[in-house]
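Please read the structure below before turning to the comments.
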Amino acid sequence: MPVPAPDVVRAADAELAVTDLPRARRFWVDALGFEAIEEDDEVIYLRGYEEFLHHSLVLRKAPEPGLRRLAYRVRTPEDVQRAEEFFAAKGLPTQVVPAGTTRGIGEAVRVEDPLGFPVEFFHHAEHGPRHVQRYDLRRGAEPARIDHFNVLTPDVQAAHDFYAELGFRTSETIEDDDRLYAAWMFRKSTVHDIAFTGGAGPRLHHIAFFVPESHHILRACDILGATADHAHIERGPGRHGVSNAFYLYLRDPDGHRLELYTSDYYTGDPDHPTARWSVQDPRRRDFWGHDVVASWYREGSTAFGLDGEPKPLVHPPVSEETVHVGADGIGVVTEARLQQS
Ligand SMILES: O=S(=O)(O)c1ccc(O)c(O)c1
Ligand SMILES: [Fe+2]
């Protein structure tokens, strides 16, 4: 008798290990505009203005940077128990953590998924003050809420198949006749809660935060330019092919990648179709055909297991970067330009 999957509502919380908390606070709070709703010498709880749960992201001081957990909210308290049974039935590590282990979060279960990532499922959560219309407080990029996680994994097909078993549906893919290079999967009615980027893993690729409008992304660029912190800008701003979202990728002081993301689309109907992109299409990752900087494919954050130890990396047989002739479409675009000249 298969163990039923928990009813996942959305990607809702995450925790990053950072090596210098005041330095991280200057970036995430002073520059980007997240609200620090609770903090001490060891930890900062950050919150987006649309979020009604206690927080959106936890930054915890540690000797080494890395990903400590990706957290999904589930629909009922019984789904927390269901999550534990679902992963335990697959022989995967699980641990129940008492309420308050993470401030504002009730009893939760932490697991290592088959990809090697530390994943948490929770239901009970304190509600924080509603700041969505506190325009007197909103600052920087005015981050609204967590939108999705993106992880580096050597076998995107296996990752896709497992999260499909967990009840996620697929909104978009990048593929060719031989393999699936990337996939975007969702539980909430938008393009994704989790996405898989082919590469050595398990590593975190990025955590994305929804911002209300594209001008908030441009404001983040201007703020970082104004303080001569432009080196934090890694890729963009631009328009994604996959997801159609307007985007910007930043690297925080510890190298953690975050995305500011807006204007993707609704996916809530039961027969929502999957959009499939060819790995040879130069518009797939940037709709305007802009190349993707190599670091975006190659770099990610270490993932810590439930034991707190860094997870060893497994390398993929083939990477999108190499299949697509250089970092991302340089060969294809160059050929096209040469043919025009
Ligand atoms: O670069 S992609 O267009 O593939 C893309 C689409 C949506 C995302 O959230 C993302 O990080 C990357
Ligand atoms: Fe993303």
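In this text, all values refer to a predicted model and were calculated from it rather than measured experimentally. One-based numbering, in listed order, for ligands and for the atoms of each. Quick note: numbers below take in every heavy atom, side chains included, and nothing from hydrogens, waters or symmetry partners.
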- Does any N, O or S atom in Glu259 come within less than 2.8 Å of the Fe ion (ligand 2)? yes
- Below 2.8 Å, any N, O or S contact between His206 and the Fe ion (ligand 2)? yes
- Message: Within the structure, is a non-hydrogen atom of Glu172 found at a distance of less than 4.0 Å from ligand 1?
- Response: no
- Relative to the Fe ion (ligand 2), which of the N, O or S atoms in His148 is the closest?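 This residue's closest N, O or S atom turns out to be NE2.
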With a 4.0 Å heavy-atom cut-off (strictly under), which part of [X] contacts ligand 1: side chain, backbone, both or neither?
X: His205; answer: neither
X: Arg235; answer: side chain
X: Trp184; answer: side chain
X: Arg284; answer: backbone

- Task: With sequence neighbours excluded, tell me which residues meet ring pair (Phe, Tyr, Trp, His ring centres under 6.0 Å) with His206.
- Result: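 Partners of His206 by the ring pair (Phe, Tyr, Trp, His ring centres under 6.0 Å) criterion, ordered by chain and then number, come out as His148, Tyr249.
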- Item | Short N-O contact, Asp13 and Arg69, less than 4.0 angstrom | yes
Which protein heavy atom lies closest to [atom], and at what distance to 0.1 Å?
atom: atom 6 (C) of ligand 1; value: Val242 O, 3.1 Å
atom: atom 2 (S) of ligand 1; value: His240 ND1, 3.4 Å
atom: atom 12 (C) of ligand 1; value: Tyr249 OH, 3.0 Å
atom: atom 4 (O) of ligand 1; value: Arg285 NH1, 2.7 Å

- Task: Scan side-chain atoms only and decide if Glu107 and His123 contain a donor-acceptor pair under the 3.5 Å cut-off.
- Result: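 No, because no side-chain N or O of Glu107 sits under 3.5 Å from a partner of the opposite role on His123.
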Note, [X] side chain near [Y] side chain (heavy atom, < 4.5 Å):
X: Cys221; Y: Leu248; result: yes
X: His315; Y: Pro154; result: no
X: Lys188; Y: Asp193; result: yes
X: Leu258; Y: Arg251; result: no

- Going by the order shown, which atoms of ligand 1 are within less than 4.0 Å of some heavy atom of His148? 9 (O)
- Is it the case that more than 12 heavy atoms not belonging to Asp41 sit under 6.0 Å from its CG atom?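 12 or below, so no.
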If we only count N/O pairs under 3.5 Å, is [X] in contact with ligand 1?
X: Glu259; answer: yes
X: Tyr261; answer: no
X: Ser243; answer: no

- Hey, mind stepping through Leu250 and Leu224 against side chain to side chain contact (heavy atoms under 4.5 Å, CB included) and telling me if it holds? CA-CA 10 Å; Leu250 303 173; Leu224 292 169; 3.6 Å; yes
- Task: Determine, using ring centers only, whether Phe52 and His127 are less than 6.0 Å apart.
- Result: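 Ring centres of Phe52 and His127 closer than 6.0 Å.
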